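Step one of this worksheet: look at the structure below.
Predicted, not measured: the structure shown is a model, and the values here were computed from it. Values below: all heavy atoms of this structure, side chains included; hydrogens, waters and symmetry mates excluded.
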Amino acid sequence: LQSYGPANVEDTTGSGATDSRDDNDIDLFGSKEEGESEQAKRIREEHLAQHESKKAKNPVFVAISSILLHVKPWDDKTHMTKLEECVRSIQADGLVWSSSKLVLVRYGIQKLQVQSIVEGSKVGTGKLEEQITAFEVYVQSMDVAAFHKI
């Protein structure tokens, strides 16, 4: 302190000066009492019961999505009606196939554009992709073109 600080200040760092307060007396969280009173327990239980009854009255929200899929064939010789039959043969709880059409890509190659309505908790896009690309004879790849929550 003498070499870096002011000359007229007393050095208390090495003298063992301690704070008069005891660190154990400070209660940071306001929990002076160890236990919870009976009235506080009763009030907390009443609030929990009210919350559960309100929660039970609310209807369950079901996430429904509209997914537009592009299913691409191997080449222009792929039988597109068979490809569509294969895709529509996939059945799952929470999956509904909707409209479809063939879209020209290039050089006479078409891709299948198919709309589906899915229930989010039951059917996922990863599961759909696995099932569609399992038809390796007809399907080269599949893309999710649009995904809309309804």
Side-chain angles (χ1 to χ4, degrees), residues 1-6 8-74 78 80-103 105 110-150:
L1 187 65
Q2 295 298 334
S3 60
Y4 297 109
N8 297 339
V9 177
E10 182 181 330
D11 183 12
T12 59
T13 57
S15 66
T18 60
D19 195 4
S20 63
R21 296 181 303 183
D22 187 10
D23 287 338
N24 293 336
D25 291 343
I26 299 172
D27 187 18
L28 297 176
F29 300 107
S31 58
K32 289 279 183 188
E33 298 176 20
E34 288 294 321
E36 188 178 15
S37 71
E38 292 298 321
Q39 183 179 6
K41 285 182 184 178
R42 183 182 50 79
I43 291 172
R44 184 172 46 90
E45 293 297 325
E46 287 175 3
H47 286 293
L48 286 173
Q50 288 174 358
H51 177 69
E52 289 297 323
S53 67
K54 285 181 184 177
K55 197 167 129 179
K57 292 178 185 177
N58 291 339
V60 177
F61 178 73
V62 178
I64 297 176
S65 303
S66 171
I67 303 175
L68 182 64
L69 302 173
H70 287 176
V71 183
K72 299 171 188 163
W74 284 106
T78 303
M80 295 304 287
T81 55
K82 286 285 193 184
L83 183 127
E84 184 176 358
E85 287 175 11
C86 291
V87 170
R88 289 185 180 270
S89 70
I90 298 171
Q91 298 295 320
D93 187 31
L95 171 67
V96 177
W97 295 108
S98 187
S99 63
S100 65
K101 68 178 181 178
L102 296 176
V103 179
V105 179
Q110 296 178 330
K111 66 181 174 184
L112 175 67
Q113 186 177 29
V114 62
Q115 185 79 28
S116 63
I117 308 296
V118 297
E119 205 172 306
S121 61
K122 296 180 181 178
V123 179
T125 56
K127 185 177 178 182
L128 270 177
E129 183 174 4
E130 287 176 12
Q131 292 177 342
I132 290 173
T133 55
F135 300 109
E136 295 173 350
V137 175
Y138 301 109
V139 178
Q140 176 203 4
S141 64
M142 184 214 74
D143 294 324
V144 176
F147 190 100
H148 299 284
K149 299 239 182 214
I150 298 176

Heavy-atom pair with the smallest gap, counting every atom of [X] and [Y]:
X	Y	answer
Ser89	Phe135	OG-CZ, 3.7 Å
Thr133	Glu129	OG1-O, 2.7 Å
Trp97	Val87	CZ2-O, 3.4 Å
Trp74	Val139	NE1-O, 3.3 Å
Lys111	Pro73	CA-CD, 4.1 Å
Ser116	Leu69	OG-CD1, 4.5 Å

### Atom CD of Glu45: over 12 foreign heavy atoms under 6.0 Å
yes

### Query
For Glu46, does the CD atom have more than 12 heavy-atom neighbours from other residues, nucleotides or ligands under 6.0 Å away?
yes

### Task
Tell me, with the steps shown, if Phe147 and Lys149 meet side-chain contact (heavy atoms from CB on, under 4.5 Å).
CA-CA 7 Å; Phe147 190 100; Lys149 299 239 182 214; 4.3 Å; yes

### Test item: Gln115 and Ser66 side chains (from C-beta on) under 4.5 Å apart, heavy atoms
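SC-SC contact between Gln115 and Ser66 confirmed.
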
### Message
So Val114 and Arg88, do their side chains get closer than 4.5 Å, heavy atoms only?
### Response
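Heavy-atom side-chain distance check passes, below 4.5 Å.
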
Which value, rounded to the nearest 0.5 Å, describes the distance between [X] atom [atom1] and [Y] atom [atom2]?
X	Y	atom1	atom2	result
Glu119	Asp93	CD	CG	6.5 Å
His148	Ile64	NE2	CD1	15.5 Å
Ile67	Ser98	CD1	OG	12.0 Å
Ile150	Ser65	CD1	OG	7.0 Å
Glu130	Met142	CD	CE	10.0 Å
Thr125	Asp143	OG1	CG	11.5 Å

### Query
Among Met80, Lys72, His70, whose side chain to side chain contact (heavy atoms under 4.5 Å, CB included) with Leu112 holds?
Met80

